[in-house]
Amino acid sequence: MTAHQPLPRPVAQPASQRWWVIRGELPRSAVWTLAAAGLLLPLLLWWAYSAAGLANPMFFPGPDAVLKRIGHWWGDEGLLGDIAISVWRVMAGFLASAVIALPLGLYIGTYRPVQAFLEPLTDFIRYMPAVAFIPLVMLWVGIDEGSKVLIIFIGTFFQMVLMVAEDVRRVPMAQIEAAQTMGASRAETIRLVVLPSARPALLDTLRITCGWAWTYLVVAELVAANSGLGYAILRAQRYMQTDKIFAGILLIGVIGLLTDQAFRWLGRVAFPWMKR
């Protein structure tokens with residue numbers, strides 16, 4: 001190439017190719033459009049299926065029947081109170097898990113003797129189904145609110161411990177060795193190196209395990225509950241109120257989605273340098 005020849009211009013990729021780049025970026029408008037389509041498409045298919053008369057409304061109600069049930073539930077059956085008590089139970093069990101699991105997972109992921117001592121036991125217990133603990137929880141705690149919170153705690157705690165430990169183990173050893181070379185003590189290394197490096201992953205772990213906590217709501221409200229979304233779903237089953245079952249499931253999904261988005265927003269605010 002001579003000095004008089006211009007440099008070749010980079011060839012712009014077609015939009016379709018830019019969309020399918022591995023771990024590529026999309027415009028915010030495209031993200032919102034795809035998210036809305038992903039949420040609306042199942043609802044449209046559900047509406048079309050029920051409107052075509054392909055399903056028995058007693059067993060598979062349409063979206064209009066579910067919306068009417070939500071309106072009736074809100075106006076006459078105390079939906080707001082059911083939502084509030086369910087949110088309280090889930091958040092209480094989840095926060096109790098986080099308060100204990102975060103420091104415990106930190107020690108398991110940092111110190112090999114703690115890992116060797118506690119990780120096999122945690123692995124063993126986490127495979128036990130939370131619903132199997134209901135008789136014991138009723139004997140130990142009774143049938144008040146504590147038992148429902150404890151069931152959610154059992155369902156989330158052991159998985160959270162192991163995920164926190166794994167997040168801590170992913171901190172690059174080079175960072176730890178650099179801090180030790182500069183004379184940092186063990187406590188300073190954990191406080192100034194390990195925790196700051198692991199914080200984004202720890203927030204993701206909390207976001208995921210909070211979703212698990214919501215999946216244990218119906219199980220927790222098996223224990224002598226007389227309110228809550230899970231209780232309403234179980235009660236509706238006895239009377240074949242499938243529209244209310246659908247309504248309860250959808251409401252739990254909406255609340256869980258909002259909680260998940262709140263965690264994502266917190267991550268963007270707390271760690272703006274992370275790739276969104």
Side-chain angles (χ1 to χ4, degrees), residues 31-94 129-134 143 145 147-149 151-156 159 207-264:
V31 172
W32 283 104
T33 301
L34 291 172
L39 290 171
L40 291 176
L41 181 59
L43 295 176
L44 291 174
L45 293 175
W46 177 20
W47 173 81
Y49 186 75
S50 61
L54 300 175
N56 187 336
M58 177 169 288
F59 300 105
F60 196 82
D64 54 341
V66 174
L67 288 175
K68 288 179 184 177
R69 170 59 70 174
I70 291 176
H72 178 69
W73 193 353
W74 177 274
D76 302 325
E77 298 178 357
L79 173 58
L80 187 59
D82 287 331
I83 292 175
I85 192 63
S86 291
V87 170
W88 184 89
R89 288 164 180 162
V90 170
M91 290 297 109
F94 167 72
V131 67
F133 286 92
I134 288 179
I143 58 174
E145 289 300 314
S147 60
K148 302 165 186 60
V149 172
I151 290 295
I152 294 173
F153 174 89
I154 292 171
T156 56
Q159 289 90 343
R207 178 177 64 84
I208 294 168
T209 51
C210 186
W212 287 346
W214 275 103
T215 65
Y216 287 103
L217 176 65
V218 177
V219 173
E221 292 183 346
L222 282 171
V223 185
N226 56 12
S227 61
L229 296 174
Y231 164 77
I233 291 173
L234 295 169
R235 188 170 181 271
Q237 178 190 7
R238 300 176 202 154
Y239 300 101
M240 287 295 295
Q241 296 174 332
T242 52
D243 53 353
K244 192 168 187 178
I245 295 174
F246 271 74
I249 293 171
L250 290 175
L251 287 170
I252 291 174
V254 169
I255 297 170
L257 179 61
L258 293 175
T259 306
D260 188 87
Q261 293 305 307
F263 271 105
R264 291 180 184 273

[atom2] on [Y] to [atom1] on [X], rounded to 0.5 Å:
X	Y	atom1	atom2	result
S86	I255	OG	CD1	7.0 Å
I152	S147	CD1	OG	10.0 Å
Y216	T156	OH	OG1	8.0 Å
I252	T259	CD1	OG1	11.5 Å
E77	D82	CD	CG	8.5 Å
I134	K148	CD1	NZ	10.5 Å

Mind listing the side-chain donor-acceptor pairs of residues 224-242 below 3.5 Å, one per line with the distance, residues two or more places apart or on another chain?
residue : atom : partner : partner atom : Å
T242    : OG1  : M58     : O            : 2.6

Just so I know, are the side chains of V149 and W88 near enough to count as touching, which here means a heavy-atom distance under 4.5 Å?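 Side-chain contact under 4.5 Å: yes.
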
Side-chain contact, heavy-atom cut-off 4.5 Å: W214 with V87?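 W214 reaches V87 side chain to side chain.
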
Pairs involving residues 216-233, ordered by first then second residue, that meet salt bridge (charged side-chain N to carboxylate O under 4.0 Å, His left out) (sequence neighbours left out): R89-E221

Partner of R69 by side chain to side chain contact (heavy atoms under 4.5 Å, CB included), out of I245, D64, D243, L79: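 Of I245, D64, D243, L79, side chain to side chain contact (heavy atoms under 4.5 Å, CB included) with R69 is met by D243 alone.
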
Donor-acceptor contacts under 3.5 Å from residues 33-46 side chains, at least two apart:
residue : atom : partner : partner atom : Å
T33     : OG1  : S29     : O            : 2.8
W46     : NE1  : P61     : O            : 2.9

Measure across A130 and G155 and return the closest heavy-atom pair with its distance rounded to 0.1 Å. CB-CA, 4.1 Å

What are the two closest heavy atoms between I70 and A247, and how far apart are they?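 In terms of heavy atoms, the two residues are closest at CG1-CB, 3.5 Å.
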
Please assess F246 against F60 for the test side chain to side chain contact (heavy atoms under 4.5 Å, CB included), listing each intermediate value before the final yes or no. CA-CA 9 Å; F246 271 74; F60 196 82; 3.8 Å; yes

